[in-house]
Visitor: 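I have a structure here, written as structure tokens, and I will follow up with some questions on it.
Side chains are part of it too, since the values below use all heavy atoms of this structure and drop only hydrogens, waters and symmetry mates.
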Amino acid sequence: MIRNPSLRDLPLGIQQKYIIVTSNYVARQHGVTKLMSVSDAKEKCPQLVLVNGEDLTCYREMSYKVTDLLMSHCPLVERLGFDENFVDVTELVESRLKETPLSALSFVGHIYNQETSAVSAKDYPRLAIGSHIAAELRDAVHTKLGLTGCAGIASNKLLAKLVSGAFKPNQQTTLLPECTVTLMHSLSGLRRVPGVGPRTAQRLQALGLHSVSDLQLFPLVDLVKEFGEAHAKRIQNLARGIDVSMVTPTGPPQSLSDEDSFKKMSTMAEVSQKIEELLASLIDRMHKDGRQPMTFRLTIRRLSTANKWFNRESRQCPIPSFLSQKIALGSSDVLTHLVTVAVKLFHKLVDTSEAFHLTLINVCFCNLQSRSVSRGSIASFFSHKPPQKPQSSSRHTGPPSPRQPISPTPTQSHGRRGGSDYSVEERTGASRSPKTSGLEEGAFPRLPPDVDPDVFKVLPQHIQEELLSNFQTERSGIPSVLTTDLEDQTGFSHIFPEPLKRASQSVRSEERGAVCREYDAGSSREDGNEFSVPQDPVGMRVEHDNSSKSVTSNSVSGADFPHNVDPCVFSQLPADMQRELLSEWRQQKPIFKMPSRPSGTGGASRDKKTKGPQTNNLLKYFKPS
DNA sequence: ATGGGTCCT
DNA sequence: AGGACCC
């Protein structure tokens, strides 16, 4: 729709192969649904206009533009697919809170299950501020990129995401902590809980669990028997509305892939041709990215009578370094060489002396390394301060673009290996200082002043809840996450880098143009971004350093609580109290996981998970031509 | 399903 | 290399 506004008021469907992956609201009014076959859709809506959405380029570009724009307002942005972003606005909220009188606070948009006019913003100062930030972000995305979408404002990612869909086209909703229970109970089944996929839902069903409350109340011990401790705790917490995961800045993609599916392919000639076609566009994308892929992977799907359902098989291999350099440099004869590599992998997958029938081929570059400048040594990495959050520098600075061997290209910060010295540091930001770890106060810092935390801890649950609920009405909530989403449209190009987010699949994207969400009805999609607000700054972010100690209490996987906290009680606590508890608890955990496996090149590089600090600008991505 | 992605085992 | 999850 963005590309062709004349489609805006017509029923529009985005087609990939023989299915409508998404559609605008006009088409939805005519009964077109999300993964409907083209034939069923045409039957329901003969006038349906179809746009092919198999090429995700436009959506990807727009998607990064959105992420980039959000990052320019607040650096902590985590992408989820092409059309959703989580933004941790805790720090922004805290700084605005310091400069605004309580009397000047208000809410913007909807409040889940309550009348906005009936809620006092003074009682939830952080969430109220979060609602304004979400509105500003949605407005920026709309005015600068032409996309509309929804946002959810809550104390964690799970909740922000779930509440963002409460009011559908192009609206935003804030979740007050006391409505968490209602929101979770409103879900029609366990599959609606993000993080519970088809497999987990099936296993839960086998245990006799169907609803969110079934999972909330199921004995953890028994759940652990089925799923293991970490997974069991995680999903049960999710059912209770608890999500301790951080908003992890996404940074540039970890892999780039290109694939095509078809009815059937049975000859080597067709296979090499398809591989060549896919590789040509992948190499082009890789070149624009500017990083060097160290690994290549080929994936296929066989036509299988039985098991049609996900049988994908893959083989991967290191990319000879002369080739990966050429890719980054944009050399023209790379294609042939890579086709050779791919065909060799293909033969490891398929015995071509026998008949074969493929249904899909995927080519992927992963283990992407930024060639930063100096290839310096690992020593230079250690000499810098710790990986701070680099942030940005590059972000706005133009496309880092590709190229140029020497330049200090920013690209990622983080791990950066190498680099001259400068780059790295920019840090900035905010200082999130480390606050030392430790103890600062007790575990329950925000109890009413007349309650001793040590006494509180040993009280029966119902008494604790009563104390807290009385106290809670006086405190504000803390927001935490927001998500925003946007819709569609696309356009492209741009300024710097990258793009946006939304469009989830191709589908969405194509729609683009039009619509957006004007008003209701229908549909398109929207989705959103979620902003979470609140958290304490300190809490979520852990970054820094080192570790302090290792774990104190249980540590275990991410899902547990400090030893004296019962999850059931915890879930009833006011959001800001939860946040502080989690913060403290997280500070005791080691921050970096270190290479569990010997990594390759410099260990310094990082470990993937360490992404935290890297903010990078992602976006740089395709250059502005 | 489609055409992408993520992280964990 | 595969599995699970997300869109």
Visitor: Using a cut-off of strictly less than 4.0 Å, decide whether A:Ser314 has a side-chain nitrogen or oxygen near OP1 or OP2 of C:dG2.
Guide: yes
Visitor: Reckon A:Arg60 has a side-chain N or O less than 4.0 Å from the OP1 or OP2 of B:dG5?
Guide: yes
Visitor: Is there a side-chain contact between A:Lys34 and the phosphate of B:dT2, meaning an N or O under 4.0 Å from OP1 or OP2?
Guide: no
Visitor: In whole angstrom, give the distance that lies between atom CG of A:Leu35 and atom P of B:dG4.
Guide: 16 Å
Visitor: Got a sec, which residues hit salt bridge (charged side-chain N to carboxylate O under 4.0 Å, His left out) with A:Asp222, two or more places apart in sequence or on another chain?
Guide: A:Lys225
Visitor: For A:Asp258 and B:dT2, give me the distance from atom CG to atom C1', rounded to whole Å.
Guide: 13 Å
Visitor: Map A:Ser255 and A:Phe262 onto DNA chain B by nearest heavy atom, then report which one ends up closer to the 5' terminus.
Guide: A:Phe262
Visitor: Looking at A:Thr200, does any N or O in its side chain come under 4.0 Å of the phosphate oxygens OP1/OP2 on C:dC5?
Guide: yes
Visitor: Hey, are A:Arg301 and A:Glu313 close enough for a salt bridge, meaning a charged N less than 4.0 Å from a carboxylate O?
Guide: no
Visitor: Among C:dA1, B:dT6, B:dG4, which is the nearest nucleotide to the side chain of A:Pro253?
Guide: B:dT6
Visitor: Using whole Å, report how far CD of A:Gln202 lies from C1' of C:dA4.
Guide: 13 Å
Visitor: Would you indicate which nucleotide in B:dA1, B:dG5, B:dG4 comes nearest to any side-chain atom of A:Glu259?
Guide: B:dG4
Visitor: Expressed in angstrom and rounded to an integer, what is the separation of A:Phe86 atom CZ from C:dC5 atom P?
Guide: 17 Å
Visitor: In whole angstrom, give the distance that lies between atom CG of A:Leu80 and atom P of B:dT6.
Guide: 11 Å
Visitor: I'd like to know if A:Arg79 and A:Glu84 make a salt bridge, using a cut-off of under 4.0 Å between side-chain N and carboxylate O.
Guide: no
Visitor: Does A:Ser257 make a side-chain N or O approach to OP1 or OP2 of B:dG3 shorter than 4.0 Å?
Guide: no
Visitor: Tell me whether the side-chain N/O atoms of A:Ser261 come closer than 4.0 Å to OP1 or OP2 in B:dG3.
Guide: yes
Visitor: To the nearest 0.5 angstrom, please state how far the CZ atom of A:Arg297 sits from the OG atom of A:Ser257.
Guide: 8.5 Å
Visitor: Specify the separation, in whole Å, of atom CZ of A:Arg297 and atom P of C:dA1.
Guide: 9 Å
Visitor: Can you tell me if A:Glu259 uses its side chain to pair, donor with acceptor, with the backbone of A:Asn362 under 3.5 Å?
Guide: no
Visitor: Please state how far atom CZ in A:Phe296 lies from atom C1' in C:dA1, giving the value in whole angstrom units.
Guide: 15 Å
Visitor: Between A:Arg191 and C:dC6, is there a side-chain N or O to OP1/OP2 distance below 4.0 Å?
Guide: yes
Visitor: Out of B:dG3, B:dA1, C:dG2, which nucleotide sits closest to the side chain of A:Arg315?
Guide: C:dG2
Visitor: When the distance from CZ of A:Arg199 to C1' of B:dT9 is rounded to whole Å, what number comes out?
Guide: 14 Å
Visitor: Between B:dG4, B:dT2, B:dC7, which one does the side chain of A:Gln254 approach most closely?
Guide: B:dC7
Visitor: B:dG3, OP1 or OP2 - any side-chain N/O from A:Arg312 closer than 4.0 Å?
Guide: no
Visitor: Holding to side chain to side chain contact (heavy atoms under 4.5 Å, CB included), I want the full list of residues that pass it with A:Ser186, two or more places apart in sequence or in another chain.
Guide: A:Tyr112, A:Leu183
Visitor: Among C:dA1, C:dC6, B:dG4, find the nucleotide with the atom closest to the side chain of A:Gln316.
Guide: C:dA1
